Amino acid sequence: MSEHHTLIIIGSGPAGLTAGIYAGRANLDVIVFEGSQPGGQLTITTEVENYPGFPDGMMGPEMMEIFRKQANKFGAKSIFETIKKVDFSARPFRLWSDRDKHYTADAVIISTGATARRLHAKGEDKFWGYGISACATCDGFFYKNQKVFVIGGGDTAFEEANYLTHFASSVTIVHRRQEFRASKIMIERAKQNPKIDFLLDSVIEEYTGEEQGMANRLTGVNVKNVKTGEITSLPADGVFIAIGHNPNTEIFKGIIDMDENGYIITKNKSTYTNIPGVFACGDVQDHVYRQAVTAAGTGCASAIDAERWLGENK
């Protein structure tokens, strides 16, 4: 037996839940699959201070709960399952969850987001969100006049490092090789910045700090020279891992058009994918901004696109 809905939203971060709010207010029969990380990446973010309307900031999980309540208020139903397989070859579209349940839908919105690549050094899980981040634009403000490290050697790492110099007292780029993958202009800009220095042929071996229950605090890093094996302990207030993100699009490969990095391609300035009736929003199709507010904006757009498409294709 299958369960049918007019619209199914796969993913529940700011994009998916905003889509749920707009679709619910449009009186669509809509369900939101919360997935393996209900609320998306903001649920592993401590304080969010850059979302409009919250001048005093708010904890990420609390903000996502507010989004969820608002979506549920307007009729969008949260389903705490993960979609593991889809068939978009014909309408109604078919979807299967990790609980061996079968669903069908007239339209689908994909908002599965992206996951920051991590190195999984010792202590990384303990201090993730408490001194370790993957987004300088999100968290750089918290490190005014503090010492921070950026891990990586590509354009992303250099962009993060340059941005962090607006706040931090010093920024150290840690890279496992002597050569960088970043563009020459980005490298030159960093080398000319007096706040930026480099630790080359080096990797973070361990993160250290104070354990305070749920509010751990990073205070240092142990850095290993990959050539000599020497380990040096350095004080650190923050570490930004800048080695890229992986869009959560594995189950859509071969079905939805993607770029070379696996991000879903949407048409022009819309949320339409290559399959009529399937839309994409949030970080799963945005590798540039990756902010909660931009994700919410595309979530709104996807619900409007889906509503209009459904009206035209009853």
Side-chain angles (χ1 to χ4, degrees), residues 1-40 64 67-114 247-258 264-267 270-285 295-296 298-314:
M1 294 293 293
S2 63
E3 182 179 315
H4 182 79
H5 296 274
T6 304
L7 175 64
I8 284 179
I9 300 171
I10 310 173
S12 60
L17 291 173
T18 300
I21 291 169
Y22 275 79
R25 291 186 75 251
N27 290 324
L28 295 178
D29 166 27
V30 56
I31 60 173
V32 181
F33 282 95
E34 296 267 353
S36 59
Q37 190 178 59
M64 287 299 91
F67 275 47
R68 182 179 294 109
K69 285 181 179 178
Q70 191 169 356
N72 295 161
K73 173 185 175 182
F74 292 114
K77 183 180 178 183
S78 292
I79 305 293
F80 292 91
E81 299 174 19
T82 301
I83 294 299
K84 291 294 187 181
K85 179 183 175 183
V86 298
D87 180 356
F88 295 156
S89 61
R91 290 179 59 201
F93 302 125
R94 304 169 69 195
L95 306 90
W96 292 264
S97 80
D98 58 348
R99 296 188 182 177
D100 294 325
K101 292 184 180 179
H102 179 223
Y103 298 86
T104 59
D106 297 318
V108 171
I109 293 175
I110 300 170
S111 59
T112 47
N248 302 319
T249 54
E250 189 67 32
I251 66 170
F252 308 112
K253 286 184 177 178
I255 302 172
I256 300 291
D257 286 350
M258 304 177 190
I264 292 176
I265 297 171
T266 49
K267 296 183 177 180
S270 75
T271 64
Y272 282 75
T273 69
N274 61 297
I275 296 180
V278 179
F279 307 85
C281 59
D283 288 8
V284 77
Q285 54 87 55
T298 59
C300 160
S302 70
I304 293 173
D305 284 345
E307 179 196 1
R308 289 174 178 172
W309 184 87
L310 284 164
E312 295 167 359
N313 296 272
K314 290 183 179 179

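Because the structure is a prediction, the values reported are computed rather than measured.
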Heavy-atom donor-acceptor pair, Ser111 side chain to Gly282 backbone, under 3.5 Å:
no
Flag if over 12 foreign heavy atoms under 6.0 Å of CZ, Arg308
no
Smallest heavy-atom separation, Asp257 atom then Asn274 atom, equals N-OD1, 2.8 Å
So do Ile9 and Ile31 actually touch side chain to side chain, heavy atoms under 4.5 Å?
no
Contacts satisfying side chain to side chain donor-acceptor pair (under 3.5 Å) that involve residues 22-33 (not counting sequence neighbours) are His5-Asp29
Value for CD1 (Ile21) from CZ (Arg68), rounded to nearest 0.5 Å, stands at 11.0 Å
Note: Val32 and Gly11 closest approach over all heavy atoms is CG1-O, 3.5 Å
Acceptor/donor pairs from residues 72-80 side chains to any protein atom, 3.5 angstrom cut, sequence neighbours excluded:
residue: Asn72; atom: ND2; partner: Ala76; partner atom: O; Å: 2.7
residue: Asn72; atom: ND2; partner: Ser78; partner atom: OG; Å: 3.3
residue: Ser78; atom: OG; partner: Glu34; partner atom: OE2; Å: 2.9

side-chain hydrogen bond (donor to acceptor under 3.5 Å, both in side chains) filter on Thr104, not counting sequence neighbours, yields His4
For Val30 and Gly24 the tightest heavy-atom approach is CG1-N, 4.0 Å
Only distances under 3.5 Å count here; give the side-chain donor-acceptor pairs of residues 248-256 to other protein atoms, sequence neighbours excluded, each with its distance to 0.1 Å.
residue: Asn248; atom: OD1; partner: Thr115; partner atom: OG1; Å: 3.0
residue: Asn248; atom: ND2; partner: Thr112; partner atom: O; Å: 2.8
residue: Asn248; atom: ND2; partner: Gly113; partner atom: O; Å: 3.4
residue: Asn248; atom: ND2; partner: Thr115; partner atom: OG1; Å: 3.4
residue: Thr249; atom: OG1; partner: Gly262; partner atom: O; Å: 2.8
residue: Glu250; atom: OE1; partner: Lys253; partner atom: NZ; Å: 3.2

Check whether any side-chain heavy atom of Met258 sits under 4.5 Å from a side-chain heavy atom of Pro247, and report yes or no. no
Exercise for review: Indicate yes or no for a side-chain donor-acceptor contact from Ser302 to the backbone of Gly299 under 3.5 Å, with no hydrogens or angles considered.
Suggested key: yes
Residues passing the side-chain contact (heavy atoms from CB on, under 4.5 Å) test with Ala301, sequence neighbours excluded, are Thr271
Ring pair (Phe, Tyr, Trp, His ring centres under 6.0 Å) pairs touching residues 88-111, sequence neighbours excluded, are Phe33-Tyr103, Phe88-Phe93, Trp96-His102
With sequence neighbours left out, the residues meeting salt bridge (charged side-chain N to carboxylate O under 4.0 Å, His left out) with Glu307 are none
In this structure, OG1 of Thr273 is separated from CD1 of Ile264 (nearest 0.5 Å) by 7.0 Å
Rounded to the nearest 0.5 Å, the CG atom of Leu7 sits from the CG atom of Leu310 at a distance of 6.5 Å
Phe279 and Ala107 have their tightest heavy-atom pair at CE1-CB, 4.4 Å
Rounding to 0.5 Å, atoms CG (Leu95) and CD1 (Ile83) come to a distance of 5.0 Å
Sorted by chain and number, sequence neighbours left out, side-chain hydrogen bond (donor to acceptor under 3.5 Å, both in side chains) with Asp98 holds for none
Open item on the list: I want to check something: taking the side chain as every heavy atom from C-beta on, are Ile109 and Ile10 in contact at a cut-off of under 4.5 Å?
Closed with: no
With sequence neighbours left out, the residues meeting side-chain hydrogen bond (donor to acceptor under 3.5 Å, both in side chains) with Thr266 are Gln285
CA sep, side-chain torsions, deciding dist, call: Lys101, Glu81, salt bridge (Lys or Arg N to Asp or Glu O under 4.0 Å): CA-CA 9 Å; Lys101 292 184 180 179; Glu81 299 174 19; 3.3 Å; yes
For Ala295 and Pro14, the nearest pair of non-hydrogen atoms, with its separation, is CB-CB, 4.3 Å
Lys69 meets the salt bridge (charged side-chain N to carboxylate O under 4.0 Å, His left out) criterion, sequence neighbours left out, with none
